[in-house]
Amino acid sequence: MTTTRSRQGRPRHTQPSDPGASARAQILDAAGELFVERGIAATSTRMIAERVGIRQASLYYHFATKDDILAELLDTSVRPSLEMVEQIQALVPERAGAAAALHAVAVMDVRTLSGTAYNIGTLYLLPEVRAERFDAFRAERGRLRDSYGALGALAATADVARTMPAGRLGELLIQLVEVVIQIRRSREPEAADTDAIASSCLRLCGLGEPEVRAAQDEARVLLSRLTGTEPRG
């Protein structure tokens with residue numbers, strides 16, 4: 001009697017972060033882990049397929065090349081924060097709510113960079129990402145940087161606004177948010193880290209502690225409206 005194997009490919013070395021995820025999502029998850037662990041050049045599509053537990057040919061049904069996988073991973077690291085910026089700008093009066101808006105965007109950005117099973121932000125530093133193929137990612141990240149600068153300029157005190165152009169402020173703010181990438185190299189970030197990073201963005205803009213605390217409270221309410229959840233303490 002001949003038996004038929006119902007599953008091709010090797011079992012995953014690690015379980016997917018979401019066992020109910022689609023095959024495409026599992027490929028992205030496995031590729032992200034491998035890219036962070038081994039780098040791009042040392043990771044093959046065969047390795048990715050084996051970690052998911054599928055045939056290599058099945059992987060090509062979803063992604064034609066390894067670069068396509070990396071491009072999607074990079075996009076998903078920036079897209080949620082850009083979408084949040086647009087939603088916040090539609091809800092918040094420009095100058096009156098700028099500090100709360102900046103805090104909320106920073107919180108969501110830190111959560112995005114912290115939310116994967118692997119440290120997705122380390123992919124930004126890989127030499128392959130400098131290739132022309134990833135110009136779209138760099139443009140999107142540039143848009144996010146400019147949004148930080150615009151919000152920061154609106155929230156900043158008069159002294160900071162006078163001495164620091166919005167472009168430079170945006171560069172500093174996005175780098176401050178991305179410190180969570182370095183935190184993840186040694187430990188998993190905690191909620192206190194998220195709040196500390198977002199609040200530090202406000203201090204960089206010159207806000208004092210009473211203004212920072214008020215913006216924190218406003219940002220919690222704002223995020224709860226946008227995500228449909230109760231405000232976090």
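Here the structure is a predicted model, which is why all the values come from computation and not from measurement.
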Asker: For a 4.5 angstrom cut-off between non-hydrogen side-chain atoms, does Asp195 reach His103?
Answerer: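 The answer is yes; the side chains approach within 4.5 Å.
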Asker: Are Leu126 and Val129 packed together at the side-chain level, in the sense that at least one heavy-atom pair is separated by less than 4.5 angstrom?
Answerer: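 When only atoms from C-beta onward are counted, Val129 and Leu126 do touch, with a gap below 4.5 Å.
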Asker: Do Ser58 side-chain atoms and Ile54 backbone N/O form a donor-acceptor pair below 3.5 Å?
Answerer: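 Absent.
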Asker: Let me confirm one number: the OG1-CG distance from Thr45 to Leu34, rounded to the nearest 0.5 Å.
Answerer: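 Going from OG1 on Thr45 over to CG on Leu34, the span is 11.0 Å.
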Asker: With a 4.5 Å heavy-atom cut-off, do Arg145 and Glu171 have their side chains touching?
Answerer: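 Arg145 vs Glu171: side chains touch.
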Asker: Going hydrophobic residue to hydrophobic residue with side-chain gaps under 4.5 angstrom, can you get from Tyr60 over to Phe63?
Answerer: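 Yes, same cluster.
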Asker: Could you give the distance from CG (Leu74) to CD (Glu128), rounded to the nearest 0.5 Å?
Answerer: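 Spacing of CG (Leu74) from CD (Glu128) equals 10.5 Å.
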Asker: If you measure from the Lys or Arg side-chain nitrogens to the Asp or Glu carboxylate oxygens, is any gap between Arg187 and Asp193 under 4.0 Å?
Answerer: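 Answer for the salt bridge query: yes.
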Asker: Just to verify, what does Phe134 make a ring pair (Phe, Tyr, Trp, His ring centres under 6.0 Å) with, not counting sequence neighbours?
Answerer: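 Phe134: no ring pair (Phe, Tyr, Trp, His ring centres under 6.0 Å) contacts found.
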Asker: Going only through I, L, V, M, F, W and Y residues with side-chain contacts under 4.5 Å, is there a path from Leu176 to Val212?
Answerer: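 In one cluster: no.
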Asker: Take Tyr148 and Val177 through the test side chain to side chain contact (heavy atoms under 4.5 Å, CB included) and record every step on the way to the result.
Answerer: CA-CA 10 Å; Tyr148 273 115; Val177 167; 3.5 Å; yes
Asker: Under 4.5 Å between any side-chain heavy atoms of Val160 and Leu204, yes or no?
Answerer: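 The answer is no; the side chains never approach within 4.5 Å.
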Asker: Locate the shortest heavy-atom distance separating Leu154 from Ala98; write the atom from each residue and the value.
Answerer: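 Answer, listing the atom of Leu154 first, then Ala98: CB-CB, 3.6 Å.
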Asker: Compare all side-chain heavy atoms of Cys205 with those of Leu102 and state whether any distance is below 4.5 angstrom.
Answerer: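 In contact.
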Asker: Tell me, yes or no, whether the heavy-atom count around Arg24 atom CZ, taken from other residues, nucleotides or ligands under 6.0 Å, exceeds 12.
Answerer: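 Counting neighbours around CZ of Arg24, more than 12 heavy atoms of other residues, nucleotides or ligands fall under 6.0 Å, so yes.
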Asker: Would you mind telling me which of Arg213, Gln216, Glu209 makes a side chain to side chain donor-acceptor pair (under 3.5 Å) with Ser199?
Answerer: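 Filter result, single survivor: Gln216.
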Asker: Which of these, Arg38, Glu37, Glu33, Arg51, sits in a side chain to side chain contact (heavy atoms under 4.5 Å, CB included) with Thr43?
Answerer: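 Looking at Arg38, Glu37, Glu33, Arg51, the match for Thr43 under the side chain to side chain contact (heavy atoms under 4.5 Å, CB included) is Arg38.
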Asker: Would you compute the distance between atom OG of Ser44 and atom CG of Leu59 and round it to the nearest 0.5 angstrom?
Answerer: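 Interatomic distance, Ser44 OG to Leu59 CG, rounded to 0.5 Å: 10.0 Å.
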Asker: For Val36 and Asn119, work out which heavy atoms get closest and say how close.
Answerer: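 Where Val36 meets Asn119 most closely, the heavy atoms are CG2-O, 3.6 Å.
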Asker: Taking all non-hydrogen atoms of both residues into account, name the closest pair between Arg141 and Glu178 and its distance.
Answerer: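 Shortest heavy-atom separation between Arg141 and Glu178 comes out as NH2-OE1, 2.7 Å.
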Asker: Given Asp109 and Leu144, is the side chain to side chain contact (heavy atoms under 4.5 Å, CB included) satisfied, shown in steps?
Answerer: CA-CA 10 Å; Asp109 211 359; Leu144 182 59; 3.5 Å; yes
Asker: What's the spacing between Ile120 CD1 and Ile181 CD1 if we round to 0.5 Å?
Answerer: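 Reported to 0.5 Å precision, the distance equals 9.5 Å.
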Asker: Between Ala215 and Leu202, what is the shortest heavy-atom contact and its length?
Answerer: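 Closest approach of Ala215 to Leu202, heavy atoms only: CB-CD1, 3.5 Å.
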Asker: Is it true that Asp146 and Arg143 make a salt bridge, defined as a side-chain N closer than 4.0 Å to a carboxylate O?
Answerer: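 No salt bridge links Asp146 with Arg143.
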Asker: Is the number of heavy atoms from other residues, nucleotides or ligands within 6.0 Å of CZ (Arg133) greater than 12?
Answerer: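 Above 12, so yes.
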Asker: Using atom types as modelled and distance alone, determine if a side-chain donor or acceptor of Glu211 lies under 3.5 Å from a backbone N or O of Gly208.
Answerer: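 At least one qualifying donor-acceptor pair exists.
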Asker: Quick one, Ile88 and Glu83 - any side-chain contact, counting heavy atoms below 4.5 Å?
Answerer: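 No, their side chains stay 4.5 Å or more apart.
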Asker: Who pairs with Tyr118 by ring pair (Phe, Tyr, Trp, His ring centres under 6.0 Å), at least two apart in sequence or on another chain?
Answerer: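 For Tyr118, no residue satisfies ring pair (Phe, Tyr, Trp, His ring centres under 6.0 Å) once neighbours in sequence are set aside.
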Asker: Dump the intermediate steps for side chain to side chain donor-acceptor pair (under 3.5 Å) on Ser77 and Tyr124, then the final yes or no.
Answerer: CA-CA 10 Å; Ser77 74; Tyr124 298 175; 2.8 Å; yes
Asker: Do Phe35 and Thr122 come close enough that some side-chain heavy atom pair is under 4.5 Å?
Answerer: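 The answer is no; the side chains never approach within 4.5 Å.
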Asker: Rounded to the nearest 0.5 Å, how far apart are CZ of Arg55 and CZ of Arg46?
Answerer: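 So the gap between those two atoms works out to 11.5 Å.
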Asker: At their closest point, which heavy atom of Ser114 faces which heavy atom of Val180, and how far apart are they?
Answerer: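 Minimum heavy-atom contact is OG-CG2, 3.3 Å.
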Asker: Can you name the closest pair of heavy atoms from Ile69 and Ala31 and give their distance?
Answerer: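 So the two residues come closest at CG2-CB, 3.4 Å.
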Asker: For residues Glu72 and Asp68, determine if any side-chain heavy atom of one lies less than 4.5 Å from a side-chain heavy atom of the other.
Answerer: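 SC-SC contact between Glu72 and Asp68 ruled out.
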Asker: Check step by step if side chain to side chain contact (heavy atoms under 4.5 Å, CB included) holds for Asp159 and Arg162.
Answerer: CA-CA 5 Å; Asp159 286 344; Arg162 184 170 56 253; 2.5 Å; yes
Asker: Drop me the distance from Arg168's CZ to Leu173's CG, to the nearest 0.5 angstrom.
Answerer: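 The CG atom of Leu173 is 13.0 Å from CZ of Arg168, to the nearest 0.5 Å.
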